[in-house]
Protein chains: 2
Amino acid sequence: MSHTSVPTPTPRETQKARTRCALLDAGLRLLENQSLSSLGLREITRVVGMAPAAFYRHFRDLSDLGVALVEESLGSLHAVVREILEVPDDEAARIERTVETIARYVREHPTHVRFVARERHGGVPAVRAAIGAELDRFADEVAEALAADEVSAGWSAEDMRMLAELYVDHVVMTASAFLDAALGEGPDEESVARTARRQLMLISTGRRYWREG
Amino acid sequence: MSHTSVPTPTPRETQKARTRCALLDAGLRLLENQSLSSLGLREITRVVGMAPAAFYRHFRDLSDLGVALVEESLGSLHAVVREILEVPDDEAARIERTVETIARYVREHPTHVRFVARERHGGVPAVRAAIGAELDRFADEVAEALAADEVSAGWSAEDMRMLAELYVDHVVMTASAFLDAALGEGPDEESVARTARRQLMLISTGRRYWREG
DNA sequence: CGTCCCGGCGAACACCTGTTTACTGAATGA
DNA sequence: TCATTCAGTAAACAGGTGTTCGCCGGGACG
């Protein structure tokens with residue numbers, strides 16, 4: 001297609017990327033049952049089956065691996081968010097679609113979701129910051145998309161922002177609840193979905209009658 | 001007052017309680033910069049200034065100390081919650097009072113708040129469960145108190161519950177945001193308060209027009 | 001008074017940790 | 001073809017860890 005600088009990844013590079021990915025996978029797997037700050041470098045290399053020193057060929061730190069996992073977990077989600085928000089829809093249908101999308105994402109990537117939920121307030125500052133920045137970006141995108149709705153006429157930028165943050169936080173809470181449901185803790189998935197739908201409905205109602213109540 | 005069974009705490013017991021409290025304090029202090037699963041038993045005893053083996057005289061585990069910290073952090077809050085909710089008020093005033101109470105609590109007990117926020121989805125199952133149970137109790141109390149409002153006429157128990165959970169989750173998020181503000185990360189305290197007030201106003205609006213929107 | 005209880009101590013146990021060092025050997029590129 | 005690059009190795013380093021043991025000494029109590 002385009003003869004621009006796509007330098008044909010040499011076999012060596014692909015192999016390096018392969019083991020780097022293996023490290024990330026092993027890390028994510030171990031993080032199902034512990035938090036990043038208690039994860040050991042040797043633990044990971046042992047699972048992958050290589051010498052501890054080789055870890056440094058790919059990451060400086062464990063927190064370095066952590067922020068890489070943040071990208072992997074949240075990076076691919078921006079497209080999904082835009083897709084959900086850009087389709088002009090009946091409001092109820094949009095909520096339904098949103099909740100279903102969250103449920104599916106949690107079902108398909110439970111370890112990533114667990115990682116983000118756990119490390120969002122976890123003990124590793126760099127990872128916390130990376131997650132916070134990514135969630136901020138989500139809030140920006142949501143605010144921008146919501147501003148296009150006719151319901152948002154007359155809303156200040158600050159109000160749009162606070163609404164977007166409310167939505168983003170709610171999505172994170174819902175994802176975490178879905179995760180608990182998938183593991184048998186707490187209510188089952190359908191209950192979580194129903195609660196989430198109603199909460200979103202309630203917020204939407206508040207949004208519609210804002211400044212008039 | 002009452003000559004019931006209050007067995008006059010013997011000097012030995014008070015001393016034991018004293019060092020137990022010292023262990024809890026030291027743990028909480030260390031948990032400012034790390035998570036529970038990475039906290040070392042020896043770290044704590046070193047801070048307190050006693051032999052590692054003495055730890056077992058007070059706690060079986062580190063997770064045991066963790067659930068004790070959960071009680072200490074959240075146990076005293078139920079009275080506060082009831083107090084806020086039981087005063088019949090103008091709605092705006094109630095919101096104002098709620099946000100101010102959260103801000104004050106975070107200011108006065110930052111380490112406890114940080115601990116709860118961090119371990120709520122953290123790596124120690126027992127502590128996670130303890131926090132979850134306590135937050136469930138809060139949701140129960142909020143639901144019960146809100147049901148007394150005239151706005152709640154015709155609300156099903158399930159709807160009350162989903163509203164209460166929305167409030168509780170929002171309070172936790174707000175407390176965490178206040179904490180970030182206190183540490184210079186993110187927006188300052190006044191911005192957090194304004195956002196929180198508006199979000200609560202929006203939810204209240206949604207509540208007022210529920211089932212009519 | 002004498003006995004028991006029990007919180008705290010110090011030492012030792014076996015094990016695991018992150019990091020550095022010098023090295024190998026295959027893919028690389030002139 | 002030959003020199004170079006570099007992902008991965010093995011070994012050693014200096015620490016740290018949780019847990020167990022027997023012992024001490026002062027409050028508790030019959």
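It should be emphasised that the depicted structure is a prediction, and the values quoted were computed from it without experimental measurement. Letters A, B, ... are given to chains in the order of the sequence lines, protein chains preceding strands, and every chain is numbered from 1.
- The minimum heavy-atom distance linking A:Asp188 with A:Ala181 is given by the pair C-CB, 3.8 Å.
- Ion pairing between A:Arg194 and A:Glu190 fails under the 4.0 Å rule for side-chain N and carboxylate O.
- Atom CZ in A:Phe55 sits about 12 Å away from atom C1' in C:dT19, given to the nearest Å.
- A heavy atom lying under 4.0 Å from DNA chain C marks the following residues of residues 37-48 of chain B, by number: B:Arg42.
- Listed for the A:Ser152 side chain is a donor-acceptor partner under 3.5 Å among the backbone atoms of A:Leu146.
- Checked against side chain to side chain contact (heavy atoms under 4.5 Å, CB included), A:His109 has the following partners two or more places apart in sequence or in another chain: A:Tyr105, A:His112.
- Annotation: proximity of residues 57-71 of chain B to DNA chain D (heavy atom, distance under 4.0 Å) is found for no residue.
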Under the salt bridge (charged side-chain N to carboxylate O under 4.0 Å, His left out) rule, what do B:Glu100 and B:Arg107 come out as? Steps first, then yes or no, please.
CA-CA 10 Å; B:Glu100 180 46 45; B:Arg107 245 182 272 122; 3.5 Å; yes
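- Contacts of A:Ala177 classified as side chain to side chain contact (heavy atoms under 4.5 Å, CB included), with partners at least two apart in sequence or in another chain: A:Val192.
- Between A:Glu134 and A:Arg137 there is a salt bridge, since a side-chain N of the basic residue sits under 4.0 Å from a carboxylate O of the acidic one.
- The side chain of B:Tyr56 places no N or O atom within less than 4.0 Å of a non-bridging phosphate oxygen (OP1 or OP2) of D:dT20.
- Note: CD (A:Glu13) to C1' (D:dG8) measures 17 Å, nearest angstrom.
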Given salt bridge (charged side-chain N to carboxylate O under 4.0 Å, His left out), test B:Asp64 with B:Arg20 step by step and report yes or no.
CA-CA 12 Å; B:Asp64 195 11; B:Arg20 186 191 135 104; over 6 Å; no
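- Mapped onto DNA chain C by nearest heavy atom, A:Ala53 and B:Met50 fall at different nucleotides, with B:Met50 at the one closer to the 5' end.
- A:Arg114 has no carboxylate O lying under 4.0 Å from a charged side-chain N of A:Glu32, or vice versa, which leaves the two without a salt bridge.
- Evaluation of the side chain to side chain contact (heavy atoms under 4.5 Å, CB included) rule for A:Glu83 yields no partner, not counting sequence neighbours.
- In the region residues 16-28 of chain A, proximity to DNA chain D at under 4.0 angstrom, judged on heavy atoms, holds for A:Lys16, A:Thr19.
- Proximity note for B:Arg12 (side chain, C-beta onward) versus C:dC9, D:dA10, D:dG26: the nearest is D:dG26.
- Between B:Val127 and B:Ser63, the closest heavy-atom pair is CG2-O, 3.8 Å.
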